[in-house]
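The structure appears right after this line, and notes come after that.
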Amino acid sequence: MKRILSICLTAILMVVAMPVAAQSARSYITSGDKELGSYNFEDAKNDYTRALERTQDSTERVALLEKITWCENGLNMLSYASRPYVISAITVPRNRFFLYYSHFPDKAWKKGADGTPFLYTEDMDKVIIPSRGEFGTSDLNISTKLEDGRWGPLESMGDGVNSVEDEILPVLSEDGKKVYFSSKGLYGMGGYDIFVSEWDESRQEWGVAENLGFPYSSPYDDLLFCNTPDGNFSLFASNRDCDADSVKIYLLRYDPNPVKTAVESVEQARMLAALRPRPVINLEIDEKDFSHTMYRDDKFAQYFNLVGRYGAVKDSIHTLQSEITASRALYAQSDESDRNAIAGMIQTAEREILHLQNTLGDISAEVQAVEMEFLVRGEEINPEEFSQSDMEDSMKSSQAASAAKPQYTFVQHTMGQMPEIEFVKPAVKLDLTFKVLDETNLITGYTLPEGLVYQIQVAANANRLDAGRLKGLSPAFEFRSGSKYIYRVGLFDTYAEASKHLATVKKKGFSSAVVMAFDNGRNINLKNARSLEEKRKENQKYRVVFRNYPDGIPADILSVLRSNSSADIARGTDDGRTIYFIAPLDRSAANRLRDEAVAAGAEGVEVEKL
């Protein structure tokens with residue numbers, strides 16, 4: 001009887017304890033979500049880890065592991081954050097926000113078959129169209145206009161760009177060498193993050209996408225980054241400070257080489273993520289705005305132009321000094337939680353002043369150089385010829401030029417109709433893996449690829465050979481050289497790989513078979529080829545691939561990876577399976593990171609060439 005009572009009591013306690021544990025996990029998840037949304041990645045990670053310890057729900061555990069990864073990524077990105085100069089922001093409806101990017105032509109935005117918007121105009125030479133991929137999510141596909149005006153094959157932008165989640169809103173740079181887009185599945189900190197991928201000319205493929213980093217990317221949805229064609233502005237949109245049905249479009253001063261520094265506190269991260277607009281200071285003044293016909297020659301015009309610029313920059317310094325004074329007053333009135341962020345703003349303004357003071361010094365040096373030329377020519381600036389009012393006019397002209405800075409006006413455009421685009425069908429891809437088959441796969445009219453490749457030559461005949469004479473060696477290639485037909489088999493990246501298969505070829509009866517090397521289709525001797533191969537190995541990039549963690553890399557292994565590498569962690573697919581990889585790395589860094597991961601208990605870790 002006592003045993004029965006004990007069993008019943010244990011069962012009752014288990015039933016009572018289960019909802020308590022579940023509730024405890026949910027409370028930590030709620031707390032973690034709140035901390036993540038306020039950029040407190042460390043506390044959010046701790047909350048999610050505690051929730052993970054308290055739930056056995058497999059779906060919930062997968063979601064928690066992903067959120068822990070977001071926090072790790074967020075902490076990593078705070079260590080090298082940008083400080084964009086925000087000019088203005090506008091709140092617009094989310095379902096058509098892209099129409100407010102008014103530097104794009106009217107009706108340039110179209111909707112694809114699945115309703116996903118993309119950019120298309122008749123004068124484009126490349127078009128990127130999102131469409132549903134093998135996982136039912138949005139992938140990016142690109143087509144290039146051919147010389148005859150037709151559109152080439154619509155092809156996937158590759159695993160370095162596409163993930164198992166959505167990739168949307170792609171925009172090509174003006175030179176067509178970069179694509180900016182938003183993704184939910186690549187290395188990020190939650191929601192849609194903003195990425196850029198660069199075209200690799202040597203590999204003829206799009207490179208592994210890189211996150212633009214904080215504060216462009218955040219735990220919220222960050223969308224549609226682009227630079228204006230005039231080189232004056234950058235824009236992107238985010239729902240980090242909006243109602244659910246809206247987004248803010250942020251107008252930024254274009255910065256081709258942003259300086260990245262560490263964010264020192266959660267408060268500073270919040271202040272930076274708020275993207276508050278600042279006054280615009282224009283240092284680029286067009287010389288034509290200073291042309292005065294009253295000057296006797298260009299050197300005098302240059303002199304007064306410089307005087308005008310000097311005054312404009314001094315005014316800009318004064319504006320920033322006033323901003324710092326106001327910020328210091330706010331600092332004195334603020335509590336400790338806000339002071340770090342305000343101090344960061346003051347430091348940014350002080351750096352701007354330092355830059356302006358350097359500019360002032362450069363202008364002063366130019367003025368002195370012009371004055372020295374006057375002395376050499378035996379001329380002087382005649383106060384009677386150039387009155388005070390003329391000097392003031394020059395100053396005003398300079399200040400007016402500074403005030404007449406480039407403008408960007410948000411105007412809602414209209415949606416365009418989906419055009420009828422006919423793409424050339426892609427060529428059937430050849431299987432070039434060396435093997436021995438029942439029947440030889442003989443390829444004629446083949447053009448060797450660019451770069452260094454090796455083949456095994458098996459015959460040179462005056463007459464064509466029947467495929468059966470090649471004894472199943474595949475792929476085999478027929479080339480014409482003068483009056484002879486040349487037959488070579490295989491297509492290998494390295495001399496070692498070609499040499500390994502040479503033995504197989506000789507066993508098939510081709511005792512005189514030899515390895516041959518080709519660089520950009522031109523035959524070169526093996527010594528030069530091997531030397532070239534070694535040089536290219538030095539520039540080869542690799543990735544570390546994790547194949548055994550479809551639900552996410554465990555937190556303890558992630559911590560080891562983060563402490564040993566700052567390279568991005570991305571999610572992709574391989575033969576339909578979810579994988580995670582870190583790239584790009586050189587060979588030694590990749591091998592070292594693999595060894596650290598294995599030492600931490602990781603399984604299924606491989607180093608692969610990119």
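For clarity, every value in this text was computed on a predicted model and none was experimentally measured.
The salt bridge (charged side-chain N to carboxylate O under 4.0 Å, His left out) test applied to E210 returns no partner, not counting sequence neighbours. Applying the salt bridge (charged side-chain N to carboxylate O under 4.0 Å, His left out) criterion to R150, with sequence neighbours excluded, gives D148. By the salt bridge (charged side-chain N to carboxylate O under 4.0 Å, His left out) test, R94 is found to be paired with D221, residues two or more places apart in sequence or in another chain being considered. Taking the side-chain hydrogen bond (donor to acceptor under 3.5 Å, both in side chains) definition, one finds that E606 meets it with R547, sequence neighbours left out. In terms of the salt bridge (charged side-chain N to carboxylate O under 4.0 Å, His left out) criterion, residue partners of R543 (sequence neighbours excluded) are, by chain and number, E608. Looking at residues two or more places apart in sequence or on another chain, you find a ring-ring contact (aromatic ring centres under 6.0 Å, His included) between Y250 and F236.
Residues F181 and P130 are not in side-chain contact: their nearest non-hydrogen atoms beyond the backbone lie 4.5 Å or more apart. Residues L36 and C71 form a side-chain contact, since some pair of their non-hydrogen atoms from C-beta on lies under 4.5 Å apart. Looking at heavy atoms from C-beta onward, R132 lies in side-chain contact with D166 at the 4.5 angstrom threshold.
Atoms CD1 and CG, from I443 and L491 in turn, are 9.0 Å apart once rounded to the nearest 0.5 Å. Note: I68 CD1 to F41 CZ = 14.5 Å, rounded to the nearest 0.5 Å. For the atom pair OG (S217) and CE (M77), the distance works out to 6.0 Å, reported to the nearest 0.5 Å.
Between Y446 and F479, the distance from one ring center to the other does not fall under 6.0 angstrom. Note: Y408 and F410 meet the aromatic proximity criterion, with ring centroids under 6.0 Å apart. The ring of F546 has its center no closer than 6.0 angstrom to the ring center of F581. Ring-centre distance between F233 and Y254: not below the 6.0 Å cut-off. In this structure, H413 has its ring center at least 6.0 angstrom away from the ring center of F104.
With hydrogens and angles ignored, the 3.5 Å screen pairs no side-chain donor or acceptor of K126 with any backbone N or O of M124. Judged by distance alone, the side chain of E167 and the main-chain N or O of S163 form a donor-acceptor pair under 3.5 Å. Judged by distance alone, the side chain of W109 and the main-chain N or O of G416 form no donor-acceptor pair under 3.5 Å.
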Inset, instruction - Please lay out, stage by stage, how Y216 and F225 fare under the test ring-ring contact (aromatic ring centres under 6.0 Å, His included). - result: CA-CA 8 Å; Y216 302 103; F225 179 93; 5.7 Å; yes
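Between the side chains of N232 and T228, no donor-acceptor pair of N or O atoms lies under 3.5 Å.
Ring-plane geometry between W151 and Y120 is classed as tilted, the angle between the planes lying from 30 to 60 degrees on a 0 to 90 degree scale.
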